[in-house]
Amino acid sequence: MKIATFNVNGVKARLPELLDWLREAAPDVAALQEIKSVDEGFPREAVEDLGYHVETHGQKGFNGVALLSKRPFEEVRRGLPGDESDAQARWIEGVVIAEGEGEGKAVRVCGLYLPNGNPAPGPKFEYKLGWMDRLAARAREILAAEEIAVLAGDYNVIPQPEDAKRPDAWREDALFRPESRAAWRRLVHLGLTDAWRALRADPGYTFWDYQAGAWGRDDGIRIDHALLTPQAADRLRDCGVDRAARAREKPSDHAPMWVELAL
DNA sequence: ATGCCTAACACCGTTAGA
């Protein structure tokens, strides 16, 4: 089962590129971030025509997440628990039953768009760190359930210096500040596996700024991640970044990242 | 030290992204 995450930077502006990628990469499940659309504005029919079930959690103007799956969703939850006053659409999770011999295996897929947090310090940075605390709390519950689960999305965290072409340029940035990286480590150390870090030694950048020719110089950062519960990590077979999506004429500034689980 | 791009909203610029 192939599970992918893709920050599309506007699903309406990115529709042809999204559809081409879905056809070529053919993920079984895809988590989308920054759909920048309300639920009613999501181009649902075009995606359904490719054989996907669609679940959205959108808002007006910015943020917004969605889950796509070739198999129907058994259960969907919208919004990260822990703060009733949080109106930002950054979390959606669902369960799909993997195809296979005998009884199918249930896989929980959580799609997340972690706050950017700039400028730091400041209220946006505090929101980011608070959101990461709530993420850890939800991760603890998921780990306790001992499920096959994947937490995939735009984490807006550069975990380590080797995850940036120019780490010194990011030292003061909310994506790389010590507080953000410490919160990332607290999350992973609950018992999750960073799929890329587990399988690969090469950089695995997933974001290149539109500005200053970052893509042409491969001046990227690795901020889109898939974290796996032990039950999922046991089944991890492969992972990748679809760099071809970033090389297109009208790309998102992120490339899709995916994991393949043996199910 | 700042802008460099891009998308959305709603205007003919501002906010947000990272």
Side-chain angles (χ1 to χ4, degrees), chain A residues 5-19 21 31-43 46 56-66 86-91 111-132 135 152-181 183-184 203-225 241 243 245-257:
Chain A
T5 175
F6 186 14
N7 180 324
V8 294
N9 187 18
V11 70
K12 285 166 284 192
R14 206 71 56 218
L15 188 58
E17 291 75 18
L18 172 63
L19 297 176
W21 170 72
L32 307 182
Q33 302 88 37
E34 282 205 90
I35 63 172
K36 296 187 177 181
S37 170
V38 293
D39 294 332
E40 311 80 66
F42 190 97
T56 61
H57 181 42
Q59 70 178 93
K60 186 178 178 181
F62 61 114
N63 300 330
V65 289
D86 183 4
Q88 298 194 30
R90 296 178 175 275
W91 175 271
L112 65 103
Y113 176 43
L114 205 151
N116 173 307
N118 280 305
K124 291 189 174 184
F125 192 53
E126 293 308 310
Y127 175 66
K128 175 179 194 153
L129 297 177
W131 205 95
M132 294 185 81
L135 172 58
D154 177 357
Y155 280 75
N156 271 320
V157 175
I158 303 166
Q160 296 174 210
E162 58 264 42
D163 297 314
K165 179 70 166 277
R166 297 182 302 120
D168 286 339
W170 296 93
R171 293 281 172 203
E172 302 300 319
D173 195 283
L175 278 64
F176 195 53
R177 286 178 66 99
E179 301 94 325
S180 306
R181 298 169 58 201
W184 164 267
Y205 304 144
T206 63
F207 171 89
W208 300 259
D209 201 298
Y210 286 125
Q211 304 176 72
W215 169 249
R217 295 183 284 107
D218 195 22
D219 181 7
I221 52 178
R222 188 174 77 93
I223 57 174
D224 298 87
H225 308 297
V241 175
R243 293 175 62 105
R246 184 63 179 82
R248 293 181 57 119
E249 189 145 335
K250 193 170 177 286
S252 168
D253 39 9
H254 294 251
M257 185 267 163

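First the proteins, then the strands, lettered A, B, ... as listed; each starts at 1. Treat the numbers as computed from the prediction; the structure is a model and nothing was measured.
Ring geometry for A:Trp184 against A:Tyr155 counts as perpendicular: the plane angle is over 60°, on a 0 to 90° scale with 30° as the lower cut.
If you check every strand for non-hydrogen atoms under 4.0 Å, A:Asn7 touches sugar and phosphate atoms only. Contacts of A:Asn116 with the nucleic acid, taken as non-hydrogen atoms under 4.0 Å apart, include base atoms. Nucleic acid contact class of A:Tyr113 (heavy atoms, under 4.0 Å, all strands): sugar-phosphate only.
In this structure, a donor-acceptor pair under 3.5 Å is absent between the side chains of A:Trp208 and A:Asp253. A:Asn7 and A:Asp224 share no donor-acceptor pair across their side chains, judged by distance under 3.5 Å alone.
Remark: P of B:dC5 and NZ of A:Lys36 are 17 Å apart, rounded to the nearest angstrom. Taking atom CZ on A:Arg90 and atom P on B:dA18, their separation rounds to 8 Å, with Å as the unit. Atom CG of A:Asp173 and atom P of B:dA18 are 10 Å apart (whole Å). Atoms CG (A:Asp224) and C1' (B:dG17) sit 13 Å apart, rounded to a whole Å. Going from atom CD of A:Gln33 over to atom C1' of B:dA16 covers 16 Å, rounded to whole Å. If you measure from atom CG of A:Asn9 to atom C1' of B:dC5, you get 10 Å, rounded to the nearest angstrom. Taking atom CH2 of A:Trp208 as the reference point, atom C1' of B:dA18 lies 14 Å away to the nearest angstrom. The CG-P distance, from A:Leu175 to B:dA16, rounds to 17 Å in whole Å.
Comparing B:dA18, B:dA8, B:dA7 against the side chain of A:Lys12 picks out B:dA8 as the nearest. Checking B:dA7, B:dA8, B:dA18 against every side-chain atom of A:Phe207, the shortest atom distance belongs to B:dA18. Comparing B:dC4, B:dA7, B:dA18 by their closest approach to the side chain of A:Ala212 singles out B:dC4. Of the candidates B:dC5, B:dA18, B:dA8, B:dC5 carries the atom nearest the A:Gln211 side chain, counting heavy atoms from C-beta on.
Side-chain nitrogen and oxygen atoms of A:His254 include none within less than 4.0 Å of the OP1 or OP2 phosphate oxygen of B:dG17. Here A:Lys60 reaches the OP1 or OP2 of B:dA10: one of its side-chain N or O atoms lies under 4.0 Å away. A:Asn118 has no side-chain polar atom (N or O) that falls below the 4.0 Å cut-off from OP1 or OP2 of B:dA18. For the pair A:Lys250 and B:dA7, the criterion of a side-chain N or O lying under 4.0 Å from OP1 or OP2 is met. For B:dG17, one of the phosphate oxygens OP1 or OP2 lies less than 4.0 angstrom from a side-chain nitrogen or oxygen of A:Lys124.
Only the P atoms considered, B:dT14 is 16 Å distant from B:dA10, to the nearest whole Å. When the P atom is compared between B:dA1 and B:dC12, the two are found 33 Å apart, to the nearest whole Å. Straight-line distance between the P atoms of B:dA18 and B:dG13: roughly 26 Å, to the nearest whole Å. Look at the P atom in both B:dT2 and B:dA7: the space between them is 26 Å, to the nearest Å.
Atom CD of A:Gln160 has more than 12 heavy atoms from other residues, nucleotides or ligands within 6.0 Å.
Between A:Lys60 and A:Asp39, none of the side-chain N atoms (NZ, or NE/NH1/NH2) sits under 4.0 Å from a carboxylate O, so this pair counts as no salt bridge.
Nearer the 5' end of DNA chain B, as judged by each residue's closest nucleotide, is the contact made by A:Gly213, out of A:Gly213 and A:Val11.
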- Assess whether side chain to side chain donor-acceptor pair (under 3.5 Å) is satisfied between A:Tyr127 and A:Asp86, documenting all intermediate values. CA-CA 10 Å; A:Tyr127 175 66; A:Asp86 183 4; 2.9 Å; yes
